Every structure is written in structure tokens, then in C-alpha cells.
Amino acid sequence: MVISTGDTLSTRLRELRRAQRRHDAHSAGSTRELVVVAFGVGAATMLLIVVLALASLLAAGSSLTGLTAAAGAMWLSVHQVPLTISEVTIGILPLLPTLVIVAIVARVTAGAASRRGRSEIAAVLLAAVAGPLLITVLSLALVMDGSTVLTVASPNVLVALACTVAVHGVGAGLGVCHGRWAEIGARLGVADWAPNALRAAAVAVVGLLSAGALLLVVRLVWQFSVVGDVLTQGNGVAGALGLTVLSILYLPNMVIGAAAVLVGADAHIGTAGGDLFSAHGGSVPPLPIAAVLPSTVSVAAPGLMLLTAIVAIVAARRASHVDPMRATRTVAATAGLAAVAMVLLTWIGGGELGELGSAGATVPATGVFTFGWFAVVGMVVTLVHGLLPSTRAARRAWYAGDDGVADLDNDLDAEDLEYGDLDSDDLDRDRFDTDDHDTDDHDTDGLLATGSGDLDAEGRDAFPGDDDPTVEVEPVRAPASMVFGVQYTDPDGRG
């Protein structure tokens, strides 16, 4: 069949046009997705903030002249930028909206990164950070413009930009790294026990925060009457609802403070607060959740210490291993990572609270006590685990496998063996004895290293299939001499 040159050329041109259209469609879709990553979360957040600010102003009966400034201030507060209102600096800001933004950014960037190659990951990260930075600059301008209407001072520009990069950068980093942890660890060359330590540290931190949340709920139920008294000071249903919402927004901050108390640190709001074995009163803001602060020393302090010990035991079991040295390294890394995580959380969850002073937990004490709990309990659990009979048996088996003990019953590769690697006494001579085998049978156990592997005992071609492709030949393995090498004889005749 003859194909004309014109038909061939037109077919190729059609294919080129289709490929160009597919490329243009992919580029347009990729650009739209990057725009969504850059401005989707920020625009939705700002729209929700505007709605909430409008509702707050209408509920308070204020004019709408300060709407834009209020929206800008709320955007900055969501990104943990300290604000100064009526010459009162508020450095401790609710963490719940910030955590929600981090989670949403991680989800969006994970979806965008999963559809791109490794070379386009940087574009996703830059887009996830660049869009919110632009909105932060706009919010700063709105706050500066409305400072005469609302008594909100203009915050530090560098701090505002850094906080925005931190919030959205953490979310984008988590999203991009989702599903790539093994690849990242291989590229960084981390030790084989490091992932186990990271998982154990995550268990430790989540366990402490869960125990802190449990303690917080118990304290709220115990102080229910005090919570009701605070709600009645909200001047009606709208005020009580506002105090309730504000308490919910500050819930992660209080959970972090309760977790710090469980490891032995001091948590306070202004002058009121305490630790497991002491309490001191003082002025607190009119928030229902502030009722959890202790006024007297609790008799349940030993039980709370037991709760912390249980969390440390669970984390130590996740870090355990049959090798004592590896288990010790994993436990030490687990304690260090958990301490660093608690220090960061305590630092982020605390701050200045105007005339009341500072609020939160003592950061250095939280880090030291967290490391002490998980290091000491982890070492004890490692010691007990290492003395168990089952662990000793597993350790012996693990050491044997680690030493690479060879099993001669397995198939051996000829390239892995050299002359003299195997002693003739270590080989089963019956396995290579061919006296009882028929030389016409092409069994691998019946082949001898005679130097002529192509002829059988009667001098005929042992491989007729090489000349006649119609003859079916049984598969034949290599002779023993090719696998194990020529067995030399000791010159003294011993061998």
C-alpha cells in the first residue's frame, strides 16, 4: 500500500495541533490551579472575616465606618500578629483559627503538588505563600487607614509578614511533604531509626495534648457554676454567645497550657495560675474558659502524674527495639523531639495580655520537664523490655540476621563466590556425587565438571536443540564447576 506524501504531512500536522492544544489546556489548568493555591484560602478567609466583622458591628450598634479596619485587624490576629488596641497590647491570640488555616492550606497544596512533578513543587510553595502576603500588605494598609476610627495601632510590618510566611509556609510544607516522607528521608540520609523516633514523638505530643484536653474538660465540669456566673456578665444572649465563641477560639491555647501543667510546668493568666503542687489567685479576664485555673492545690496531683507517666510509657513502647543501643538512641531522640514540639507550642500559645501581664505556660520549664519525663520513663521501659526472655530471643535472632549468616542450602550466585571462599569440608559431598545418576539424564545434580560439557557419555551432542530448533530440550543448569569453581587438590595429597 502506497501512502502519499500529502496524507502523511497532513496527519503529522493534525497530531502537532492536537498536542499543542493539549499542552495549552494543561498550562491553562496549571495556572488556574496555582491561582487557587495562592488566593483561594486567603480570599475565603477574608470573606468570612468581613462577614464576622459586619455582624459584630451590627450587634454592637456601631457604625460601619470601621469595617475595613476591623477586617484587616482580624486578618492579622488570625495570623498571630500582636495587636495594640487602646494602648493595650494583646500578644496571646486564639490558636483555633490559625490551626484551621494551616490544615486547609496543607490540604490544598497537597492536592496541587500530587499532580505535579518534582520540578514544579517550588512553584506551589511560592504560590501558597505569595498570595497571603499580598493580603497581609492590604490588611496593614487598611489598619493604618482606619486607625483614626478604631483605636488599633499599626503593627510591625516585618513581624506581620514573618507571621504570615510562617503560618502559610508550615501549611504548604506539610501539604507538599504529604506522601513523600520516605523520599525526603532518603534524600536527607536520615538514620533508619529516625522515622520510628519521629512517630514516637508524635505519639508523645498528641498524648500530652489529649491528656490536657481531658483535664480541661474535667475542670470545666467541676467549675460549672463559675462558668455560669461569667456568662451572666455578658449583658444578654448576644454577649454570652460572644464570650462562648471567644472561649472556643482560645481552647487550643488552654489545652497547651494544661499539657504543660501535666509535665510539671507553671501555667498562668496574669497573676492567677499554678502547677501540680501549688496555686495562686489573681485577676483574670472575664472568659468562661478562665474558670479552669486552680484556686487551691488539687488532691488529684498524684493521679495527674500517673496520667503523664502512662503517656510516656506508650511513647516509649513505640520507640522500643530489641537492640539496646538502637532503643536508647530512639528514646533519646523521642524525648528531644517531644520537648522541642512542646516548647514551640507553649511559645506560640502564650504571650502578653495587656495590663494583666503575660499568659501561658513557662516555656523553659515545659521543655526541660517534657524531656525529663520521656527520657527517664523511656530508659526504664527500654531496660525492662530488654530483660524480657522474648526480647532476648528476638535480639539473638536479630543479631544473627544482622551478621549476615549464610545459608548454604539457598541458591548461591557464582559472581559472589571466589576460589577459597568455601572450604571443601563445608560442602555436602553427597549433593554433588554423580555416580548413581545416569549421564543421559540432564539433571543438574548429575553433571560433572569434566571439562567437556557439550558431549554425553557416548560422544553424541548433548544439546541437539542448538542445531535443530524443532527439538525440545529440557532446561539445563550450569555445571557445578562453573558455580563453585574448580576444586583444587592439596599438593600434599590431603585434599
Side-chain angles (χ1 to χ4, degrees), residues 34-105 108-109 125-172 238-239 241-243 245-246 248-250 252-253 285 348 351-354:
L34 288 179
V35 171
V36 172
V37 171
F39 297 102
V41 178
T45 303
M46 180 57 78
L47 180 61
L48 180 61
I49 285 174
V50 170
V51 172
L52 292 177
L54 180 61
S56 300
L57 291 177
L58 291 177
S62 301
S63 62
L64 301 181
T65 54
L67 177 61
T68 56
M74 292 176 68
W75 169 270
L76 296 176
S77 65
V78 164
H79 290 81
Q80 300 297 308
V81 180
L83 297 175
T84 301
I85 303 174
S86 299
E87 299 182 355
V88 176
T89 301
I90 301 177
I92 176 171
L93 296 166
L95 275 177
L96 185 60
T98 307
L99 295 178
V100 171
I101 289 179
V102 170
I104 296 176
V105 170
V108 173
T109 53
L125 289 173
L126 290 176
V129 174
L133 277 178
L134 183 60
I135 300 177
T136 297
V137 173
L138 178 62
S139 300
L140 289 171
L142 292 176
V143 171
M144 293 176 62
D145 182 66
S147 59
T148 56
V149 180
L150 293 179
T151 56
V152 180
S154 299
N156 189 294
V157 176
L158 293 179
V159 172
L161 296 178
C163 290
T164 304
V165 171
V167 171
H168 290 267
V170 169
L241 181 61
L243 291 177
V245 172
L246 196 58
I248 294 174
L249 295 179
Y250 273 104
N253 305 67
I348 295 172
E352 295 296 324
L353 192 57

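Every value quoted in this text rests on a predicted model; they were computed, and no experiment measured them. Sequence positions, counted from 1, serve as the residue numbers for this chain.
No hydrogens or angles considered: nothing links the side chains of E352 and T89 as a donor-acceptor pair under 3.5 Å.
Scanning all heavy atoms of the two residues, the minimum distance from L76 to A160 falls at CD2-CB, 4.3 Å. Between L83 and P155, the closest heavy-atom pair is CD2-CG, 4.5 Å. Looking at every heavy atom in both residues, C163 comes nearest to Q80 through SG-O, 3.7 Å. The heavy-atom pair separating V105 from G171 by the smallest distance is CG1-C, 3.8 Å.
By the side chain to side chain contact (heavy atoms under 4.5 Å, CB included) test, L158 is found to be paired with N156, residues two or more places apart in sequence or in another chain being considered. Partners of L241 according to the side chain to side chain contact (heavy atoms under 4.5 Å, CB included) rule, which considers only residues two or more places apart in sequence or in another chain, are V245. Judged as a side chain to side chain contact (heavy atoms under 4.5 Å, CB included), and not counting sequence neighbours, V51 has no contacts. Listed by chain and residue number, V159 satisfy the side chain to side chain contact (heavy atoms under 4.5 Å, CB included) test with P82 (two or more places apart in sequence, or in another chain).
Atoms CG and CG, on L57 and L52 in that order, are 11.0 Å from each other to the nearest 0.5 Å. Considering CD1 of I85 and CD1 of I90, their distance stands at 4.5 Å, rounded to 0.5 Å.
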Could you list the donor-acceptor pairs under 3.5 angstrom formed between side-chain atoms of residues 35-42 and any protein atom two or more places apart in sequence or on another chain?
none

Donor-acceptor list for residues 125-143 side chains, cut-off 3.5 Å, not counting sequence neighbours:
from: T136; atom 1: OG1; to: W75; atom 2: NE1; distance (Å): 3.0
from: T136; atom 1: OG1; to: P132; atom 2: O; distance (Å): 3.0
from: T136; atom 1: OG1; to: T164; atom 2: OG1; distance (Å): 2.8
from: S139; atom 1: OG; to: I135; atom 2: O; distance (Å): 2.9

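Just one residue in the list I101, V50, V100 forms a side-chain contact (heavy atoms from CB on, under 4.5 Å) with T45, and that residue is I101.
Within the 3.5 Å criterion, the main-chain N or O of H79 finds no donor-acceptor partner in the side chain of T98. Of the possible polar contacts, one joining the N253 side chain to the L93 backbone as a donor-acceptor pair under 3.5 Å is found.
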